[in-house]
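Order of the sequence lines sets the chain letters (A, B, ...), proteins ahead of strands, with each chain counted from 1. Since the structure is predicted, the reported quantities are computational estimates derived from the model, not experimental observations.
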2 protein chains.
Amino acid sequence: MDVSSAVEKFLKTIYNLELRHQKASGSNMASKLNISPAAITDMAIKLAGQGLINYQKHKSITLTPKGKKIALLASRKHRLWETFLHRTLNLNLDEIHVEAELIEGYTSEFLLGKIDEYLGFPEHDPHGDPIPDKKGVLPEEQAFFPISESSPGSYQIERLYFESDELNDFFTEYEFKVGDILELVLIFKMDNALLIKRNKVTMVISENIGSKILVSKLNE
Amino acid sequence: MDVSSAVEKFLKTIYNLELRHQKASGSNMASKLNISPAAITDMAIKLAGQGLINYQKHKSITLTPKGKKIALLASRKHRLWETFLHRTLNLNLDEIHVEAELIEGYTSEFLLGKIDEYLGFPEHDPHGDPIPDKKGVLPEEQAFFPISESSPGSYQIERLYFESDELNDFFTEYEFKVGDILELVLIFKMDNALLIKRNKVTMVISENIGSKILVSKLNE
DNA sequence: CATCCATTTTAAGTATCCTTAATTAGACTA
DNA sequence: TAGTCTAATTAAGGATACTTAAAATGGATG
């Protein structure tokens, strides 16, 4: 199945929303893709006709297995490009996203394979997101959880969700990276804000930001 | 001036034809770009209206200064991508061309700058073609000449024109590279074929192939 | 349960870049 | 110089991916 870069982007967006347990509604899609809601309806009708999505009027969109495979392969492109740009050009985590988004739709299978090989067939990109293999299969995953749902103790950052410009700025400015060690000192009952220690620096982050930082428990 | 990737490709094609002293006629353009002659006429009228090319019915196209600048910046993208893919992924000279062609139109100025910096601001790509700077200015060039127009003696390869699949295959198969030392032993009067020695291997190449190998004279 | 409002859809239309088929222009030849 | 042939142009149209504006829907609320 060979699809345009617009279709790849559309399916990838549904997939990413599903992953975060958000509905792929028209307005959601429109704002993520930065196009009008009417364009979403158009595309939805077209892709439903091709068996790539399940779509009923006024309902949110879900992927069919066929559509999901394309979405996974599009994610693969995206994440391999991100990893490649990070390793070679040393771009930071929000820069790699923007640039990968521009190029990924025009990448040949051949080039992608070379990039994969160069990188040593990585299983995760620099955000910690898993990279599907060339058949669209995701690597085995441990269960990670948001630091905002944890109790005091030591954790390692496993994934960072760069979901908005504000989060980009925050994670970039304070240099949050996958692999960093966090100590959750306490949770404020008032607003569920988190007092954390990282590199000997103590800071308070909101519950909302905490929900975008997935961690694993460190044995002590 | 911000133009689409199709327009960049169009202008770059005219530029490349001009460089090789070939006319940018409709049929020439159509075969280089692999689109119909009617599409060439369409695009020509449009771009003439934007002051990017000089165009009169039934005459061949030339670039205006404005169009030439865009063509040079498009060449810059192409050649920086080629150089980057060659250095990082070790793709060979015909592979880098194909892949760069696909991606180049979707590259941001930011990313291009990072690639340029990573490569150390190179002045030539792996084919030996000059890379314009970010203002579209070409580096100072020595005068190179085709080996087919030289007399017996020692030369260094300065540029290789990968102009057709056959030439791709030839240069790739026999591993011709910019920087190689060639000794031109003799020229057959019969058909102007060239007897050359390279890495202690002697071979005969046609005048046509010789015209695609630019060299500089080595002092002995 | 009727009303309201946000969301979604429909309808119509635009831009870009391409196609095929038919026509015309210009260059070359006899 | 008329005729011929090739290259280029015109005309019509199609695919894709969007837009705006108006209409419809359906879920939430009083």
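- Picking from D/dT9, C/dT8, D/dC18 the nucleotide with the shortest atom distance to the side chain of B/Pro37 gives D/dT9.
- A/Gln56 has its CD atom 14 Å from the C1' atom of C/dT8, to the nearest Å.
- If you take CD1 of A/Ile45 and P of D/dA17, they are 15 Å apart, rounded to a whole angstrom.
- Contact check, A/Ser36 against D/dC18: no side-chain N or O comes under 4.0 Å of OP1 or OP2.
- For the residue pair A/Gln142/A/Ser216, the side-chain donor-acceptor check at 3.5 Å is not satisfied.
- For the residue pair B/Glu82/B/His86, the side-chain donor-acceptor check at 3.5 Å is not satisfied.
- Ion pairing between A/Glu104 and A/Arg76 fails under the 4.0 Å rule for side-chain N and carboxylate O.
- The phosphate of D/dA17 has OP1 or OP2 within less than 4.0 Å of a side-chain N or O from A/Lys46.
- Using a 4.0 Å heavy-atom distance criterion, B/Tyr55 is classed as a sugar-phosphate-only contact.
- Atom CD1 of A/Ile61 is separated from atom C1' of C/dT9 by 13 Å (rounded to the nearest Å).
- Look at CE on B/Met43: it is 16 Å from P on C/dA15, rounded to the nearest Å.
- Between B/Ile35 atom CD1 and C/dT20 atom P there is a gap of 12 Å when expressed in whole angstrom units.
- A/Leu33 places its CG atom 8 Å from the P atom of D/dC18, with the value rounded to the nearest Å.
- Checking the phosphate oxygens (OP1, OP2) of C/dG26, no side-chain nitrogen or oxygen of B/Lys57 falls inside 4.0 Å.
- In this model, the phosphate group of C/dC17 is approached by a side-chain N or O of B/Ser4 to a distance below 4.0 Å at OP1 or OP2.
- Summarising the geometry of B/Lys32 relative to B/Leu17, their closest heavy-atom pair is CE-CD2, 3.8 Å, with the distance given to 0.1 Å.
- The side chain of A/Thr41 has C/dT8 as its nearest neighbour among D/dT19, C/dT8, C/dT20.
- Distance from the side chain of A/Ser27 is smallest for C/dT7 among the nucleotides C/dT10, D/dA8, C/dT7.
- Within 3.5 Å, a donor on the side chain of A/Asp42 pairs with an acceptor on the base of D/dC18, or the reverse.
- For the residue pair A/Ser5/A/Tyr106, the side-chain donor-acceptor check at 3.5 Å is satisfied.
- Here A/Ala6 lies in heavy-atom contact (under 4.0 Å) with sugar-phosphate atoms only.
- What separates CD1 of A/Ile40 from P of C/dT10 is a distance of 15 Å, to the nearest Å.
- Following rounding to the nearest Å, B/His58 (NE2) and D/dA8 (P) show an atom-to-atom distance of 9 Å.
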